[in-house]
There are 2 protein chains.
Amino acid sequence: MAGTGQHRVTVKDVAVLAGISTATVTRVLQDSEKVIPETRARVMAAVEQLGYRPNPMARDLRHGNRAGAVGLVMSTFTNMYQAGVAAGAEKELRNAGLQLLIGSTDEDPTREPELARAMIDRRVSALMVMPDGNEREFLSPGHLFGTPVILVGRPAGGLDADVVMTDDDRGVEEATNQLLDLGHRRIAALAGQNSSFRAKQRLGGFRSALANRGLKEEPDLVVENLITPAQARSTMADLMNLASPPTAVLALNLGISTGVLLDRIENNRKLAFIALDESELSSGLHVTALVRDPEEVGRQAAKLAIDRIAQPELPARTITLASHLVRRGTGEIAVVDDREPLEMAQPK
Amino acid sequence: MAGTGQHRVTVKDVAVLAGISTATVTRVLQDSEKVIPETRARVMAAVEQLGYRPNPMARDLRHGNRAGAVGLVMSTFTNMYQAGVAAGAEKELRNAGLQLLIGSTDEDPTREPELARAMIDRRVSALMVMPDGNEREFLSPGHLFGTPVILVGRPAGGLDADVVMTDDDRGVEEATNQLLDLGHRRIAALAGQNSSFRAKQRLGGFRSALANRGLKEEPDLVVENLITPAQARSTMADLMNLASPPTAVLALNLGISTGVLLDRIENNRKLAFIALDESELSSGLHVTALVRDPEEVGRQAAKLAIDRIAQPELPARTITLASHLVRRGTGEIAVVDDREPLEMAQPK
DNA sequence: AGCCAGCATGTCAACGATTACATTGAATTT
DNA sequence: AAATTCAATGTAATCGTTGACATGCTGGCT
């Protein structure tokens, strides 16, 4: 049943035991061509007896090095959104019999090229990349050697690649509209690095919601370049100390959402709050959140990869997944300021 | 500078361009043996001009399939602790020029064997496994074909493998002692699956702290088999409704810590609380926590793997990393029950 | 001068699986 | 019955890299 435990069993061993040639063993294993049932049975028995397992590397090598593994470049493992994407992708690939090679840039985008390159060298069948938000182009087609690339999270101008993204602009617009409908006029928007595609996309949604109602943005309430939760947290303190503080706040990424939530708990704030992306705490504390399904994003990316491996000449596709607002309470708070409604300010 | 973009460049191409044989190209690339400087320069130039990059799969194949990649089997991507381990391991491996093949069992331990097997088939140089807590033995030496295994998180009886673990027993004992020193006598301990190695290890620490002071365990305060944060959360509500509720609570894993913390925020509880493992919220909300460094665990696991690849005959090593108590306030609360001290109960 | 040492490089088989092409022999056709 | 066809299997080249072994050449030694 099991092998000897030492020597790796090869097709050759199986062939010898079954008393036939390696070609026939392969034929049985691929059940590609005609093999007489009796021969097939002998081969199967030998395979079983020796515990033979094919060597995927040798197979890949023979096949021009395209088959077994797919790469994923991410910027960090310890972000729930990214981890979710990886989980979804891995699941889908595993079902398709593919393996996942993962590398992380540790938030250092300059490492993206070398990481991608190392995977391409290893002849992954496809490469999924979650590029950092900044719109540099780091993958030049000349270095890809035909390796299909799937971009996760944002498109990249110079590259004719498949893309999976989420409609955060529309989602944020919907969230903003909900707040506007509740009467909020001073809505704070806290965003990440302003050079990033995602920050632009999300602020874009916020702005078009305002613009659609002919409202103008309040510059003091839009804060960009917040990198850490701690920054978001202290920004909230600053905002609430304004002469005319916001009555609602939109947190435009996961870290910011965490920071705002910490501030909210600590200072027992009551203003309306919509977070972006889910965490154990946003759901646990009934925070209204604009939610994307990271696992679904990962699954779709993997599907694109699998399709493209099967049909390399397919035109590039872009899949946009919907984000949706999960209403849990904090985003449904009307203007309940102990100060005065806008437009008729009067000193306290 | 760059290659043509289509045909993969091989040693042979380099050899032809440099006007020498493939063997010499290899010699230059490995700088293993003597090569005359001028030849070396010619080879380098050809490599540069063609943009040659060696094919790691072919190299691995030639080397009996041991070199380029190391496997990691984890149970889920979306747990901060596990993600941290993966991150640490990836970093260390990358520095050593190795790549990381990741698979997840999706919390289904029965998938461990097939996942491990698939990686062994792919001839990873070493296999790191974070086994689920239950003490089954899923890796039979006969199936490993000499692949070194590094166990992360718990030892496995049947296997002579390297192990990285953390001294949670000692840590929990320390945490318990701190609470006892503060005068707590009704300490709740909330633990995960009672079949798991880790739950046993941690409850063991709790129990020896009590035993060392001649105290007996309060059975109604020790709750096991809590799987989800929600269960932990509702358990807290039950405990606080006891005639004699706990004055302190120890949460013995990350999910439980989250659940207890949610309960604490929601109900504004003041009892002493020590969490296990770190999350953005435990630090953000000043929760005293028994902290392990997941990245360090991952790095150590990777180091063990690297060492073992270099020296397969090394005796198996076990590395135990210290956990330590990060005192932020909630674990330093003395008995402040609005009820009465123990031993002199009187109806309210 | 003749011989050996040793350096620089070349040749070729091998890693394990696959597959184009070759071979065998039996069955079918006329 | 000879010729043809086709099904079943075998042979050997191949994927890209490596390294044991072979070769040839230079220089030093006696």
Side-chain angles (χ1 to χ4, degrees), chain A residues 3 7-44 46-47 50-69 97 120-125 145-146, chain B residues 3 6-44 46-47 50-69 120-125 145-146:
Chain A
H7 168 237
R8 303 276 340 193
V9 181
T10 71
V11 238
K12 195 162 187 183
D13 301 316
V14 175
V16 169
L17 179 62
I20 40 97
S21 78
T22 61
T24 304
V25 173
T26 299
R27 279 188 272 259
V28 170
L29 264 38
Q30 318 281 315
D31 56 35
S32 46
E33 287 164 78
K34 293 275 145 184
V35 176
I36 218 167
E38 195 238 312
T39 310
R40 174 179 305 271
R42 269 221 313 280
V43 171
M44 297 297 241
V47 165
L50 295 173
Y52 168 76
R53 313 214 83 208
N55 180 336
M57 301 189 81
R59 175 191 286 143
D60 289 358
L61 181 61
R62 179 64 225 263
H63 282 147
N65 313 303
R66 288 294 152 82
I120 291 170
D121 285 346
R122 194 161 273 278
R123 309 322 200 243
V124 290
S125 306
F145 294 100
Chain B
Q6 279 322 319
H7 168 238
R8 301 280 334 195
V9 180
T10 71
V11 235
K12 197 163 185 182
D13 301 317
V14 175
V16 168
L17 179 62
I20 40 95
S21 78
T22 62
T24 303
V25 174
T26 299
R27 278 188 272 258
V28 170
L29 265 34
Q30 319 281 317
D31 56 34
S32 47
E33 285 164 81
K34 292 277 143 180
V35 177
I36 217 165
E38 195 238 313
T39 311
R40 173 178 306 269
R42 271 222 312 280
V43 171
M44 297 298 241
V47 165
L50 296 173
Y52 168 77
R53 311 215 84 207
N55 180 336
M57 301 189 81
R59 175 190 287 144
D60 289 358
L61 181 61
R62 178 66 225 265
H63 282 149
N65 313 304
R66 287 293 152 83
I120 291 168
D121 285 347
R122 193 160 273 277
R123 311 319 200 245
V124 290
S125 306
F145 294 101

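Excluded from the calculations below are hydrogen atoms, water molecules and symmetry mates; all remaining heavy atoms, backbone and side chain alike, are included. In what follows, chains carry the letters A, B, and so on, assigned in the order in which the sequence lines appear, proteins first and then strands, with residues in each chain numbered from 1.
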Colleague: Out of curiosity, Thr10(A) OG1 to Asn55(A) CG, how far, rounded to the nearest 0.5 Å?
Modeller: 10.0 Å
Colleague: Does Asp121(A) come within less than 4.0 Å of Arg59(B), counting only side-chain N to carboxylate O?
Modeller: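 No.
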Colleague: Anything under 3.5 Å between a protein N or O and an N or O of nucleotides 19-25 of chain C, put it in a table, one pair a line.
Modeller:
unit_1: dT19(C); atom_1: OP1; unit_2: His63(A); atom_2: NE2; d: 3.2

Colleague: Return the value, rounded to whole Å, for the distance between atom CD1 of Ile20(B) and atom P of dG10(C).
Modeller: 6 Å
Colleague: May I have the distance from Arg40(B) (atom CZ) to dA8(C) (atom P), rounded to whole angstrom?
Modeller: 10 Å
Colleague: Rounded to whole angstrom units, what separation is found between the NZ atom of Lys12(B) and the C1' atom of dG16(D)?
Modeller: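 Lys12(B) atom NZ is separated from dG16(D) atom C1' by 10 Å.
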Colleague: From CG of Leu61(A) over to C1' of dC15(D), roughly how many Å is that when rounded to an integer?
Modeller: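 From Leu61(A) CG to dC15(D) C1': 4 Å.
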Colleague: Closest approach to the side chain of Val11(A), judged atom by atom: which nucleotide of dC15(C), dT9(D), dA17(C) is it?
Modeller: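 The answer is dA17(C).
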Colleague: Starting at CZ of Arg8(B) and ending at C1' of dT14(D), how long is that distance when rounded to a whole Å?
Modeller: 17 Å
Colleague: Rounded to the nearest 0.5 Å, how far apart are CD1 of Ile20(A) and CZ of Arg40(A)?
Modeller: 11.5 Å
Colleague: Nearest to the side chain of Asn55(B), which nucleotide is it out of dT17(D), dT9(D), dA8(C)?
Modeller: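 The nucleotide sitting nearest to the side chain is dT17(D).
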Colleague: Does Tyr52(A) reach the side chain of Asp13(A), with side-chain heavy atoms less than 4.5 Å apart?
Modeller: no
Colleague: Picking from dT9(C), dA8(D), dT17(D), which would you name as closest to the side chain of Tyr52(B)?
Modeller: dT17(D)
Colleague: Give the minimum heavy-atom separation between Arg122(A) and Pro56(B), together with the two atoms involved.
Modeller: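 Nearest heavy atoms, Arg122(A) then Pro56(B): NH2-CB, 3.6 Å.
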Colleague: Give me the atom names and distance for the closest heavy-atom approach of Val14(A) to Val43(A).
Modeller: CG1-O, 4.2 Å
Colleague: Given dA17(C), dT17(D), dT9(D), identify the nucleotide with an atom nearest to the side chain of Pro54(B).
Modeller: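 Among dA17(C), dT17(D), dT9(D), the one nearest the side chain of Pro54(B) is dT17(D).
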Colleague: What is the distance from CZ of Arg122(A) to P of dT17(D), rounded to the nearest Å?
Modeller: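 Between P of dT17(D) and CZ of Arg122(A): 13 Å.
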Colleague: Rounded to the nearest angstrom, tell me the gap between atom CD in Glu38(B) and atom P in dT9(C).
Modeller: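 Checked: the CD to P distance equals 8 Å.
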Colleague: Rounded to whole angstroms, how far apart are CG on Asp60(A) and P on dC15(C)?
Modeller: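 Rounded to the whole Å, the gap is 19 Å.
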Colleague: Nearest to the side chain of Ser21(A) - dG10(D), dA17(C), dG10(C)?
Modeller: dG10(D)
Colleague: Base, sugar-phosphate alone, or nothing: which one does Val35(A) contact when heavy atoms must sit under 4.0 Å apart?
Modeller: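 Result for Val35(A) = sugar-phosphate.
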Colleague: Among dA8(C), dC15(D), dC15(C), which nucleotide has an atom closest to any side-chain atom of Ile36(B)?
Modeller: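 For the Ile36(B) side chain, the nearest candidate turns out to be dA8(C).
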Colleague: Does the side chain of Arg123(A) come within less than 4.5 Å of Asp60(A)'s, by heavy atoms?
Modeller: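 Asp60(A) vs Arg123(A): side chains apart.
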